[in-house]
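Numbers restart at 1 for each chain; the letters A, B, ... are given by sequence-line order, proteins then strands.
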Protein chains: 2
Amino acid sequence: METRNTFQKSLVLKAIQDLHHPTADGVYGLVSAGCPTISRGTVYRNLNALVEAGKLRRVGIPDGADRFDASVTDHYHIRCSRCGAVTDIDMPFQRDLMKQAGDVHGYLIESHDIIFKGICPDCRLPDDIV
Amino acid sequence: METRNTFQKSLVLKAIQDLHHPTADGVYGLVSAGCPTISRGTVYRNLNALVEAGKLRRVGIPDGADRFDASVTDHYHIRCSRCGAVTDIDMPFQRDLMKQAGDVHGYLIESHDIIFKGICPDCRLPDDIV
DNA sequence: ATTTATGCAAATCATTTGCACATAG
DNA sequence: CTATGTGCAAATGATTTGCATAAAT
């Protein structure tokens, strides 16, 4: 299937780069500000196409809408349990875990995701101990 | 809020123990075989109550309905990219990753989840190389 | 007796899809 | 030109919720 460059697709890609880890709805909000006629369906279709094309990463979040990430290199995410913000975590990718996991039950491991949950510096209160 | 023991709740808990990592719909299927009058709403409410009570673990699966796990101890999961089955992985829990992740950006880490993706032994074909 | 749980149906939220029209190549 | 993309609205799938009734304590 050939793929075409449309104005709408470029706006969606730009929105992902300008927002950090937005939901599809967040993208729609920003894009529709500059292009009021765009539809949610088009935003979803373009998000899927860009993920498919490897220009975007989809981050599945338990208990919530998918997030989209302009960075497609291997890395992990953390979600603040208070404000809900999703952020990249700048720590080494644990490639060895995949081998470990595969050895245990004879799976051929393709990938892995780690989602941390915690309280971000902004939401942290003086007496927070976990 | 007080919590009561109902016939329906016990059926839901038993279903989770008998199935492995079922979805809410899977639970509904098994439970309604023995109790045809139970409603999906009740299944969902009981699943939530049991998770809340710490008797069950909810496993969020990217691209799919939540799964429920009778084992509440710390462990990871793998999902077969062919048949979709979700299984526990019997490997050490990486407690040190939480400290690493927290140190990087000043978060107070509460927990983490790892979801592996791969091909299970049953779905694996002779020429599968990943 | 009082409060929590149930069954039903309608509601919500995220996402996908069918269709007629527009547009990129 | 012709296939792919768009806007719209309706459809889907998972889950939640309001309400009157039933059951647990």
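- Separating the CD atom of Glu2(B) from the C1' atom of dA23(D) is a distance of 16 Å, rounded to the nearest angstrom.
- Whole-Å rounding puts the Tyr28(B) OH to dC8(C) C1' distance at 11 Å.
- Using a 4.0 Å heavy-atom cutoff across all strands shown, Thr3(B) reaches sugar-phosphate atoms only and no base atom.
- A donor and an acceptor atom, one from each side chain of His20(A) and Asp88(A), are nowhere located under 3.5 Å apart.
- Val31(A) and Leu47(A) fall within a single hydrophobic cluster, where Ile, Leu, Val, Met, Phe, Trp and Tyr side chains are chained together by heavy-atom contacts under 4.5 Å.
- Summary for the helix from dA1(C)-dT25(D) to dG25(C)-dC1(D): the axes at its two ends, each from 5 pairs, differ by 40° when rounded to the nearest 10 degrees.
- Contact check, Gln8(B) against dG7(C): a side-chain N or O comes under 4.0 Å of OP1 or OP2.
- The interatomic distance linking Phe7(A) (CZ) with dT23(C) (P) rounds to 12 Å, in whole Å.
- Side chains of Tyr28(A) and Thr23(A): no donor on one and acceptor on the other come within 3.5 Å.
- DNA chain C is contacted by Thr37(B), Ile38(B), Ser39(B), Thr42(B), Arg45(B), Asn46(B) of residues 36-53 of chain B, taking any non-hydrogen atom closer than 4.0 Å.
- Side-chain atoms of Phe68(B) and Arg58(B), non-hydrogen and from C-beta on, do get closer than 4.5 Å to each other.
- At dA14(C), none of the side-chain N or O atoms of Thr23(A) fall inside 4.0 Å of OP1 or OP2 (strictly under the cut-off).
- No side-chain donor-acceptor contact under 3.5 Å links Thr42(A) and Lys9(A).
- Taking atom CG of Asp66(A) as the reference point, atom P of dC13(C) lies 17 Å away to the nearest angstrom.
- No donor-acceptor contact under 3.5 angstrom links the side chains of His77(A) and Asp113(A), judged on distance only.
- We find that Arg82(A) and Asp128(A) are joined by a salt bridge, their nearest charged nitrogen and carboxylate oxygen being less than 4.0 Å apart.
- Residue-environment remark: CG (Asp96(B)) exceeds the threshold of 12 foreign heavy atoms within 6.0 Å.
- In this structure, CD1 of Ile61(A) is placed 16 Å from C1' of dC13(C), rounded to the nearest angstrom.
- Among the nucleotides dG5(D), dT6(C), dA23(D), the one closest to any side-chain atom of Arg4(B) is dA23(D).
- Note on Asp25(B): nothing from the nucleic acid sits closer than 4.0 angstrom, heavy atoms only.
- Classified by interplanar angle (parallel below 30°, tilted 30° to 60°, perpendicular above 60°), the ring pair Phe93(B)/His112(B) is tilted.
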